[in-house]
2 protein chains.
Amino acid sequence: MDSVAVENYLKSIWELGPDDVATQDLAQLLNVAPASATKMVQRLTERGLVKHIPYKGASLTSEGRRRALSVVRRHRLLETFLAQTLDLGREQLHDEAERLEHALSTELETAIANYLGNPERDPHGHPIPGPNGELLIDEDILLSDCSLNQSLVVTQVPDRDPNLLTWLEGNGIFPGTKLKIISRDDFGGGINVSLDDSSVQIAISVASEVYVILETD
Amino acid sequence: MDSVAVENYLKSIWELGPDDVATQDLAQLLNVAPASATKMVQRLTERGLVKHIPYKGASLTSEGRRRALSVVRRHRLLETFLAQTLDLGREQLHDEAERLEHALSTELETAIANYLGNPERDPHGHPIPGPNGELLIDEDILLSDCSLNQSLVVTQVPDRDPNLLTWLEGNGIFPGTKLKIISRDDFGGGINVSLDDSSVQIAISVASEVYVILETD
DNA sequence: TATAAAGTTTAGCCTTGGCTAAAAATATAA
DNA sequence: TTATATTTTTAGCCAAGGCTAAACTTTATA
């Protein structure tokens, strides 16, 4: 079994990947000193889970990726399970799952997945990898990449930052929300979208973390 | 926050206590070498969580006890929660809770307790300590201490050993079971109890882990 | 293109929580 | 009561995963 630290490194490299993950970014995401990240990356390379080109960056081997996706699967199943049974605020889900994901046995993972009917997405819309790390190719596109006036449906919102999540939710933006881009204000730094009965300005940095699909009626 | 190891030591000392917990017993329960247990007991003594009289034994300080009971609370809430939502075998519950208990935030602990309606016992009948470590004085008595022919109701069964639990369950013995001791065979090593429509012989070692109350109609 | 800045790695240290082997204390039996 | 067995502790070791300070690469700038 991988330690909590190893699981967190693998998951973080996956999140920052797929290629040339910078030591600094990794260290920052994990809240450790850059030197600590270098050392761990080297250890993971020894173990065959990571490929590291010094001064260039790190990436996962296929075994490393499998294990990273196993952590992601547990995380997203837990978020879904907690959201369904208890009702915690969406913002709390991430942090709780973050700790519990390392303590979930394969049996409990399976029991939860079955209980939930083997869902394909978590409450934030993120796809849940299969038991062997299969990640459905998803056809979601970035809101920031869409053209004006297309009818869109939100599929994924970022869950890293609770405040952002609260803001999005407060403005009616969550998986399932229908919207259209009505204008882009590249110099003003955002895009304007219209919802059913309101409109919001969204920073590009945020829009590039929100995924949508074209509405099909 | 206490580490996983510290939480496990505190919980184990509580389970083996209240007084003069032997290094060897502690080491055995935790699956570590006796020398490791000695060292940790000393560290916990430094931290004011344990009182240690060398060559005599260890016991918890009141702060140590508070923290141990917090772990026990999380464990038992988790068992109850998992039993209620998923349906895992009673034997699986213990092992899962054993790992998850260390990853439960106070907020999630509270959310689970509320969801369950702040239960007083877990599925094995063990009392659940309150949020500040209050443990209701319970009036349960040991099956092994009861007299013949009293009408008894099982309140607690041990959850340490899955096989034992399965055996007890297979013989109809779980919280709520009504039974009577019909004979004791001290030299044969067991007691004979009669249930509604069967009778079973139970080893003294087992009967001294089963709690009952006198039936009140 | 030389030099400064930024990012990365190395070296060396620390704590936690394990281990074994040996020494010391306590308990048991002759 | 002395000798032996058992239990506990001490001493010294190790790996994991952190840290800081210094050295080394790479990138950006003058």
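Chain identifiers are assigned alphabetically (A, B, ...) following the order of the sequence lines, protein sequences preceding nucleic acid strands; residue numbering begins at 1 within each chain.
- Taking 4.0 angstrom as the limit, A:Tyr9 places a side-chain polar atom (N or O) nearer than this to OP1 or OP2 of D:dG18.
- For the residue pair A:His102/A:Asn8, the side-chain donor-acceptor check at 3.5 Å is satisfied.
- Considering only side-chain N and O atoms, B:Ser36 lies under 4.0 angstrom from the phosphate OP1 or OP2 of C:dC19.
- Side chains of B:Thr80 and B:Arg76: no donor on one and acceptor on the other come within 3.5 Å.
- We find that CD of A:Glu46 is positioned 14 Å from C1' of D:dA15, with the value rounded to whole Å.
- What separates CG of B:Asp20 from P of D:dT8 is a distance of 11 Å, to the nearest Å.
- Between A:Phe81 and B:Phe81, the angle of the ring planes lies from 30° to 60°, which puts this pair in the tilted group.
- Nucleotide C:dG17 holds its P atom 17 Å from the CG atom of B:Asn31, rounded to whole Å.
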Restricting to nitrogen or oxygen on both sides, can you table the protein-nucleotides 7-10 of chain C pairs closer than 3.5 Å?
from	atom 1	to	atom 2	distance (Å)
C:dG7	O5'	A:Gln24	OE1	3.4
C:dT8	OP2	A:Gln24	N	2.9
C:dT8	O3'	A:Tyr55	N	3.4
C:dT9	OP1	A:His52	NE2	2.7
C:dT9	OP1	A:Tyr55	N	3.0
C:dT9	OP2	A:Thr23	OG1	2.8
C:dT9	OP2	A:Thr38	OG1	3.1
C:dT10	OP2	A:Gln42	NE2	2.4

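- Residue A:Ala33 is in base contact, counting any heavy-atom pair closer than 4.0 Å across all strands shown.
- Computed from coordinates, the B:Leu26 CG to D:dT7 C1' distance equals 14 Å when rounded to whole Å.
- There is no side-chain donor-acceptor pair under 3.5 Å between B:Ser70 and B:Arg66.
- The one candidate from A:Val157, A:Thr155, A:Val210 that meets the side-chain contact (heavy atoms from CB on, under 4.5 Å) condition with A:Pro175 is A:Val157.
- The backbone N or O of A:Ile173 sits nowhere less than 3.5 Å from a side-chain atom of A:Asn171 that would complete a donor-acceptor pair.
- Residue B:Leu30 contributes atom CG, which lies 10 Å from atom P of C:dC19 at whole-angstrom precision.
- In this structure, the CZ atom of A:Arg43 is 16 Å from the P atom of D:dC14, given to the nearest Å.
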